Amino acid sequence: MPKDSGIGASPKRREDIRFLTGVGNYTDDINRPGQAYMHVLRSDMAHARIKNIDTAAAMAMPGVIHIFTGDDFEAIGGIPCGWQVTDRFGEVMKEPKHPVLAHGKVRHVGDPICAIVAETLAEARDAAEAIELDLEELPAVINMADALESGSATVHDELGDNLCYDWGFVEENKEAVDEAIKNAAHVTTVELINNRLVPNPMEARVAIGEYDRAGDMSTLYTTSQNPHVIRLLMGAFVLGIPEHKLRVVAPDVGGGFGSKIYHYAEEALCTFAAKTLKRPVKWVSTRTEAFMSDAHARDHVTKIELALDADNNFTAVRTNTLANMGAYLSTFAPSIPTWLHGTLMAGNYKTPLVYVNVRAVFTNTVPVDAYRGAGRPEATYQLERVIDKAARELGVDPFELRRQNFVTEFPYQTPVAVEYDSGDFHRLVDKLEKSADFGGFAARRAESEKKGLLRGLGVNCFIEACGIAPSNLVGQLGARAGLYESATVRVNATGGIVVMTGSHSHGQGHETVFPQVISEMIGIDESMVEIVHGDTANTPMGMGTYGSRSIAVGGPAMVRATEKIINKAKKIAAHLMEASEADIELKDGAFSVAGTDKSVAWGDVTLAAYVPHNYPLEDIEPGLEETAFYDPANFTYPAGAYACEVEVDPDTGKVTIAKFTTADDFGNVVNPMIVEGQVHGGLTQGIGQALMENAAYDENGQLLSASYMDYAMPRAADVPNFTVDHTNGTPCTHNPLGVKGCGEAGAIGSTPTVVNAVLDAMYSGGHKVDHIDMPVSPSRVWAAMQKG
Amino acid sequence: MYNFDFEKPSSVADAVAALGAEDAQALGGGQTMIPTLKQRLASPSKLVSLTGIADMKGVSASGGAIKIGGATTHATVAAEAGSYPALAETASHIGDPAVRNRGTIGGSLANNDPSACYPAAALGSGATITTNTRDIAADDYFQGMFTTALDEGEIITAVTFPIPEKANYQKFVQPASRFALVGVFVAKYADGVRVAVTGASNDGVFRWAEAEAALSSNFSASALDGLAASGDMISDLHGTAEYRAHLVGVLTKRAVAAAA
Ligand SMILES: Cc1cc2nc3c(=O)[nH]c(=O)nc-3n(C[C@H](O)[C@H](O)[C@H](O)COP(=O)(O)OP(=O)(O)OC[C@H]3O[C@@H](n4cnc5c(N)ncnc54)[C@H](O)[C@@H]3O)c2cc1C
């Protein structure tokens with residue numbers, strides 16, 4: 001019997017009532033009295049020297065209040081980077097200045113140059129057209145390999161070249177890996193591109209700055225996944241406003257996928273302008289601006305080699321990647337191709353030796369940072385592509401080759417720093433082989449062939465490091481932040497509960513899921529629990545939501561705070577029933593004395609806490625409110641096995657996903673329905689990357705796919721009905737819920753599955769194509785089949 | 001968007017008069033025009049909406065031809081052009097429901113986007129484009145991408161399609177915009193076959209003469225074997241020129257096979 005409440009139940013998402021009936025409160029729904037509007041004038045050149053900015057005529061235009069330029073921010077901090085990578089030689093990465101408004105040079109199309117504040121948005125836009133910009137165009141640095149050539153133009157002249165860092169991991173293993181590859185019985189190599197993506201959350205970014213003169217208090221309303229992080233970064237590093245004078249509110253947020261983690265210039269601009277002008281200032285990104293200013297994703301060029309011994313055991317992996325940083329270092333950019341990528345290069349396998357080299361490169365493109373999966377999709381894609389290719393070269397079943405090399409004993413210390421706490425990869429594959437009906441594939445292929453279509457089956461196994469992250473560990477790796485999470489659990493006098501969490505929901509469904517955990521722990525109805533998030537004024541300092549961390553790190557924080565509540569409530573109950581605290585049991589929302597029929601209801605205890613007439617005041621304080629900060633002992637390691645079947649039209653190259661089946665290990669699952677929804681969304685984003693999405697620049701640094709006319713987003717009709725499963729999980733061993741997190745798995749596991757399937761289909765038609773780069777568009781598939 | 005005046009006349013004559021103002025522009029369904037205005041890429045002094053002109057709306061069939069008012073929406077054509085099924089089918093795959101409920105045939109033909117669907121249907125059917133001043137044969141009307149025979153201020157009031165024995169439109173969608181990456185309209189008339197291709201050429205919609213000749217003597221897909229479309233094909237993110245030329249052949253065969 002499925003449960004109807006608590007952990008493991010699937011209540012409908014309570015937040016959907018407001019989202020689906022148009023009563024959500026998104027940042028753009030907020031308007032403050034006396035509000036002015038900001039328009040950002042952006043560079044239409046990829047690389048140019050700013051010779052002069054003449055705002056005089058624009059300032060005289062109707063409705064114009066003020067025009068800010070880079071000069072206004074010279075004395076103020078730039079946009080900070082939150083992670084410092086140390087390179088192979090022990091040197092810290094090159095970290096260029098990132099001015100709020102371009103100063104000296106513009107470095108990508110979309111780089112903000114002026115912020116025009118006016119009474120109306122139309123007036124601000126009119127004034128922008130009257131600004132006289134004198135820009136001297138410079139050669140654009142676009143291609144990463146070219147950018148590293150000596151003599152290339154430099155994005156940041158003061159750095160000398162375009163190399164941010166040259167990272168090696170594990171550097172001590174380098175020679176051993178080289179040696180193992182030299183001595184291998186077989187080496188398989190794949191050179192590939194992990195295509196650049198534009199995140200495209202449904203809600204574009206919005207910021208409103210407000211300043212209260214009476215209290216010298218600044219408020220920023222913003223579309224953020226982590227308001228506390230923005231408060232700290234912007235307050236401490238950009239504007240010099242201490243936390244107690246700065247409030248950051250991220251209300252309903254319409255999706256982020258990582259792109260709303262980072263501190264963006266417009267947030268600082270609105271906050272600064274509001275304080276300077278003593279007016280609330282609002283900025284709303286257009287979709288076109290989103291394409292040129294939201295941090296992009298992926299953009300790796302990689303060569304991976306897999307060495308095997310004569311018995312097909314993996315002996316070493318060596319991979320070399322160029323990772324595009326774009327024009328500036330976005331908040332977490334340096335960590336993505338390094339620590340979130342290299343540490344996953346062992347995958348699900350016992351490969352004893354791994355060496356990862358990543359050179360991060362500055363180019364005149366939009367900055368690149370984390371996006372659903374962040375580094376882990378890039379790791380999985382290359383590893384699972386090279387394994388698939390090896391299986392074909394060796395003539396062995398692709399799952400058998402994987403199975404033979406699986407890690408089977410846990411905890412498992414990988415050669416790339418991380419230690420997997422739990423997992424059962426064979427069980428996932430066993431499940432998948434049944435649910436994906438591998439036995440019926442030959443018949444399905446024959447059916448497709450009757451229609452003139454080539455059918456392929458692609459498989460993939462993956463593991464990811466989620467539940468980000470143990471603070472002391474990431475501190476050693478260069479993080480400039482802790483990555484704990486917090487929760488305050490406030491029990492009201494009549495028993496209702498408000499949880500103030502540092503996690504942030506931007507579509508995930510925390511308001512539904514978190515109460516399920518409390519309901520399970522106390523035995524009260526979920527409707528008695530309310531979740532508050534997204535406002536630094538009423539939530540404890542927390543790090544927000546990304547890296548599949550809400551239930552895995554935010555959840556345990558709430559559990560710990562709730563445990564404190566229960567412990568205190570037991571003391572009160574013991575007092576009320578004149579029993580020993582040790583004998584008090586909590587079940588179904590009532591406290592009882594073990595072995596007796598004495599009991600008091602949850603509400604009696606909570607009332608006593610706030611009306612402490614009969615109360616042990618000498619031992620405990622009145623009230624029932626507790627806070628906990630939870631710092632995870634390790635990452636969590638969700639894993640999965642995926643299978644995809646595609647049909648390829650040999651005449652047009654069009655790929656249709658016919659079937660997609662998953663077997664995921666998320667550890668324990670709190671709300672299966674929401675977990676499945678997360679997997680569906682992740683798979684769709686991965687399929688989008690594999691088949692359709694491509695942020696392409698021309699050689700001058702113009703973004704060719706700068707709107708939905710050319711940037712292909714997946715739609716419902718582009719994906720099949722997914723068959724997903726998460727019932728074969730192994731609980732996480734180090735957090736109190738045994739959960740691993742599910743937000744990114746679909747996006748991490750799907751790209752190689754799809755590409756492996758397309759290649760299998762092409763092979764079945766006699767086209768010996770060993771690799772094809774994403775997006776696997778009809779045009780590319782057709783061209784590949786002409787050659788192979 | 002910049003400021004502009006707005007008029008919504010109820011007759012063609014009033015619309016023509018209103019369009020006499022300097023930098024005035026006609027507004028059909030606005031599906032091309034409004035995004036252009038929002039991007040500040042156009043600054044008409046005045047927009048003259050054609051959607052209030054009853055004479056320019058609706059579908060009527062008689063004497064082996066179907067006449068569509070210039071301000072008729074794609075959705076109406078999809079629903080009411082049953083006497084020319086391939087035309088109704090073409091309209092039903094333009095954009096999405098919101099686009100089809102607003103966008104008009106006159107607007108589409110006036111715009112003559114190189115990837116649009118109606119130009120292929122009009123050219124492939126040898127349609128007649130009727131304006132406030134004259135009738136223009138489709139063969140004379142399309143003059144390269146975004147270029148037509150229309151004069152300044154000239155309004156498409158109706159489009160008349162002779163109904164063929166058989167016809168079909170094959171649209172291979174560009175994955176982002178869902179316009180035609182390549183679209184081929186094939187129509188078989190008593191006096192010959194017409195094949196019009198959209199999406200493929202830098203010269204805009206065009207007739208594929210060799211295919212027409214081959215199909216006119218033998219209306220079957222195999223008649224196209226060995227034929228290859230040539231010309232100045234578009235090459236972009238979504239497909240090379242070579243790929244587009246190939247698709248023209250594939251889609252023409254499919255259109256012939258599917259023609260009804
Ligand atoms: C999301 C989206 C998807 C689309 N997908 C497709 C597709 O798959 N296939 C396709 O073919 N098209 C597609 N379109 C374009 C759509 O069909 C437009 O409706 C059409 O191109 C323009 O028609 P309109 O009535 O909206 O014209 P408007 O946008 O109002 O006007 C366009 C131009 O035509 C002029 N004009 C309008 N009416 C007349 C007239 N009667 N006489 C003379 N000039 C006139 C205007 O002055 C303007 O210059 C799509 C559009 C969108 C927004």
Side-chain angles (χ1 to χ4, degrees), chain A residues 39 62 120-126 128-129 195-196 198 200 286-289 291 452 649-656 687-688 690-698 702-718 775-787, chain B residues 1-4 31-32 35-41 43 93 95-99 113-116 170-184 199-200 221 224-225 228 233-255 257-258:
Chain A
H39 172 72
T120 70
L121 181 59
E123 286 168 337
R125 291 185 69 177
D126 287 344
E129 291 177 9
N195 43 327
R196 180 184 275 243
V198 180
N200 280 306
T286 62
R287 188 57 67 177
T288 307
E289 282 180 288
F291 271 94
D649 181 341
D651 292 335
T652 63
K654 187 175 162 50
V655 176
T656 306
I687 289 170
L691 297 184
M692 307 170 79
E693 298 185 43
N694 192 21
Y697 280 95
D698 72 9
Q702 295 294 331
L703 186 56
L704 296 172
S705 45
S707 80
Y708 295 135
M709 290 301 281
D710 289 297
Y711 190 89
M713 292 293 285
R715 304 183 188 188
D718 297 314
V776 182
S777 64
S779 172
R780 286 186 180 173
V781 173
W782 178 78
M785 289 193 295
Q786 300 315 297
K787 290 196 204 103
Chain B
M1 229 179 250
Y2 299 104
N3 284 337
F4 54 82
Q31 297 304 293
T32 298
T36 312
L37 293 176
K38 281 182 164 175
Q39 301 263 14
R40 294 190 157 206
L41 295 173
S43 51
H93 291 290
D96 51 42
V99 170
D113 187 297
S115 304
Q170 290 287 322
K171 176 181 182 181
F172 193 85
V173 297
Q174 192 259 54
S177 70
R178 320 273 165 144
F179 275 67
L181 182 71
V182 173
V184 177
L224 297 164
D225 286 346
M233 297 292 172
I234 299 171
S235 203
D236 63 13
L237 266 187
H238 308 288
T240 57
E242 195 191 0
Y243 178 62
R244 279 187 166 84
H246 167 76
L247 277 186
V248 172
V250 171
L251 298 177
T252 306
K253 283 188 178 177
R254 289 184 181 181

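What you are looking at is a predicted structure, and each value in this text was computed from that prediction instead of being measured. Proteins come first, then strands; the chains are lettered A, B, ... in the order of their sequence lines, and each starts at number 1. All heavy atoms count here, side chains included; hydrogens, waters and symmetry mates do not.
Looking at A:Met713, only its backbone comes within 4.5 Å of chain B, counting heavy atoms on both sides. Contact annotation for A:Gln786: neither backbone nor side-chain heavy atoms come within less than 4.5 Å of a heavy atom of chain B. Contact of A:Thr288 with chain B is made through the side chain alone, with heavy-atom distances under 4.5 Å. Of the two parts of B:Lys253, neither the backbone nor the side chain holds a non-hydrogen atom closer than 4.5 Å to a non-hydrogen atom of chain A. Heavy-atom distances place both the backbone and the side chain of A:Pro778 under 4.5 Å from chain B. Heavy-atom distances place both the backbone and the side chain of A:Arg125 under 4.5 Å from chain B. Of the atoms belonging to A:Asp718, it is side-chain heavy atoms, and not backbone ones, that fall under 4.5 Å from chain B. For A:Asp698, no part lies near chain B; criterion is any non-hydrogen pair under 4.5 Å. The contact between A:Thr652 and chain B is made by backbone and side chain atoms together, counting heavy-atom distances below 4.5 Å.
Summarising the geometry of B:Leu237 relative to A:Ser705, their closest heavy-atom pair is CD1-CB, 3.9 Å, with the distance given to 0.1 Å.
Looking at heavy atoms from C-beta onward, A:Arg780 lies out of side-chain contact with B:Tyr243 at the 4.5 angstrom threshold. Annotation: side chain of A:Asp651 is in contact with side chain of B:Arg254 (closest heavy-atom distance under 4.5 Å).
Residue B:Asp96 places its CG atom among more than 12 non-hydrogen atoms of other residues, nucleotides or ligands, all under 6.0 Å distant.
The list of salt bridge (Lys or Arg N to Asp or Glu O under 4.0 Å) pairs with a residue in residues 237-249 of chain B, not counting sequence neighbours, reads B:Asp236-B:Arg244.
Legend: residues meeting side chain to side chain contact (heavy atoms under 4.5 Å, CB included) with B:Ala228, ordered by chain and number and at least two apart, are absent.
Heavy-atom pairs under 4.5 Å with chain B peak, among A:Ala122, A:Ser779, A:Ala696, at A:Ser779. Between chain A and the options B:Met1, B:Arg40, B:His238, B:Gln174, the largest number of non-hydrogen pairs under 4.5 Å is found for B:Arg40.
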